[in-house]
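Both backbone and side-chain heavy atoms feed into the values below; hydrogens, waters and symmetry mates do not. All ligand and atom numbering here is 1-based and tracks the order in the structure.
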Amino acid sequence: MRILVVEDERKMAAFISRAVSEESGAVDWAGDGEAGLDLAKTYEYDAIVLDLMLPKLDGLAVCRALRAAGKRTPVLMVSARDMVVDRVKGLDAGADDYLTKPFAVEELLARLRALERRHDHAPTTLKVGDLQLDASTRTAHRGARTVALTAREYALLEYLMRRTGTILTRTMIAERVWNCTFEHGSNVVDVYIKHLRDKIDEPGKPTFIQAVRGAGYVLRDPQAADS
Ligand code: CA
C-alpha cells in the first residue's frame with residue numbers, strides 16, 4: 001500500500017505516517033495543498049489521506065483539481081469539522097470517504113484498506129503455484145506451511161504477486177514498497193528479496209522470485225512451463 005498524506009499539522013502527519021508504514025505501506029507526506037496535488041498527480045498512490053483545512057490550497061480544491069486531471073486515486077478526507085454539510089462538500093468534491101478528527105488509527109487503516117480494495121477490485125486471495133497470499137489476514141502460505149512475514153515483507157510479496165510474470169525494476173519496487181525519498185542505489189530491495197526467498201523457498205526447489213540480470217525481479221511459479 002502506498003499512501004500520500006496531505007496534512008499541515010506535523011504531529012498528525014507523523015501519527016498517520018507511522019501507522020500506515022507499520023501496517024505495510026510506503027508513505028509520502030505533503031504539508032500543503034499545492035505540494036500534495038503535485039505529488040498526487042506525479043505518483044501512483046493506492047490512497048490519499050487529505051486534510052480539509054490546508055495552506056495554499058484546501059482539501060476540497062485539491063480533490064477537485066485531482067479529479068479534473070483525470071486521477072481516480074481514492075481519497076479519504078479527514079477533518080475536525082463533522083457537520084453534514086462538510087461531509088457532503090467533501091464527497092461532492094470527489095472524495096471517496098470522510099473521517100472526522102479525532103479518529104482511532106485502526107479506523108483510518110480499515111477505511112484505507114476498504115478504499116484500496118474497492119479501487120483495485122483486487123481479489124483478497126492471490127495464488128501462484130503453491131504460494132498463496134491472503135490479503136484480508138495479511139498472511140502467506142507455501143503449501144500447508146504458514147509463512148510469517150513482517151509488514152514490509154508482506155507489502156513486497158503482495159506487490160510481486162499482484163504482478164506475477166512481470167519484470168519489476170528495483171526502482172519500481174522501491175517506490176511502491178518504500179517511498180519516493182527512497183535512496184536509490186542502496187541495496188535494501190535486494191536485502192528484502194533475500195529475506196523473502198529465505199522464508200518462501202523450500203530446500204532443493206527453484207525459487208519463486210527470480211532475478212533478471214540488469215533489470216530487476218520477477219515472481220513466477222517455478223514449476224510452470226516456461227512461457
Ligand atoms: Ca489542517
Side-chain angles (χ1 to χ4, degrees), residues 1-120 122 135 138 151-152 154-155 158-159 174-184:
M1 185 152 57
R2 185 172 185 200
I3 306 288
L4 172 64
V5 176
V6 190
E7 166 68 78
D8 56 316
E9 292 159 57
R10 280 183 167 273
K11 269 189 165 170
M12 178 60 85
F15 168 72
I16 297 171
S17 301
R18 199 176 321 117
V20 172
S21 82
E22 278 168 10
E23 161 116 343
S24 74
V27 182
D28 291 337
W29 170 63
D32 67 67
E34 273 179 18
L37 184 58
D38 274 351
L39 282 174
K41 285 163 123 178
T42 308
Y43 297 98
E44 288 301 322
Y45 293 99
D46 293 304
I48 301 171
V49 179
L50 181 61
D51 188 28
L52 181 60
M53 311 280 260
L54 288 166
K56 296 190 182 173
L57 211 56
D58 73 15
L60 293 176
V62 171
C63 205
R64 282 193 206 103
L66 195 62
R67 297 305 183 228
K71 279 277 189 182
R72 303 304 314 155
T73 316
V75 170
L76 172 58
M77 199 164 273
V78 292
S79 169
R81 288 160 54 164
D82 64 348
M83 303 288 284
V84 170
V85 62
D86 294 318
R87 289 172 178 266
V88 169
K89 271 189 197 162
L91 297 172
D92 278 349
D96 300 270
D97 200 356
Y98 192 102
L99 188 60
T100 306
K101 294 180 191 173
F103 48 78
V105 67
E106 291 78 14
E107 181 169 14
L108 174 83
L109 294 174
R111 288 190 189 220
L112 286 175
R113 285 194 297 267
L115 283 183
E116 189 189 13
R117 280 198 299 274
R118 276 195 338 240
H119 184 63
D120 278 2
R138 313 182 76 77
R152 199 69 74 187
Y154 174 87
E158 184 182 27
Y159 181 49
E175 287 190 351
R176 189 70 191 182
V177 179
W178 283 267
N179 59 41
C180 69
T181 55
F182 180 82
E183 203 181 311
H184 294 281

I would like to know whether Arg18 and Glu22 meet salt bridge (charged side-chain N to carboxylate O under 4.0 Å, His left out); could you show each step before the answer?
CA-CA 6 Å; Arg18 199 176 321 117; Glu22 278 168 10; 5.4 Å; no
Distance (rounded to the nearest 0.5 Å) between Asp96 CG and Arg72 CZ
7.0 Å
Quick one: does any side-chain atom of [X] pair with a main-chain N or O of [Y] as donor and acceptor, under 3.5 Å?
X      : Y     : value
Arg67  : Gly94 : yes
Asp8   : Asp32 : no
Arg111 : Tyr98 : yes

Take the Ca ion (ligand 1) as the centre and count protein N, O or S atoms at distances under 3.0 Å.
3
Applying side-chain contact (heavy atoms from CB on, under 4.5 Å), can you list everything that pairs with Ala93, at least two apart in sequence or on another chain?
Leu60, Cys63, Arg64
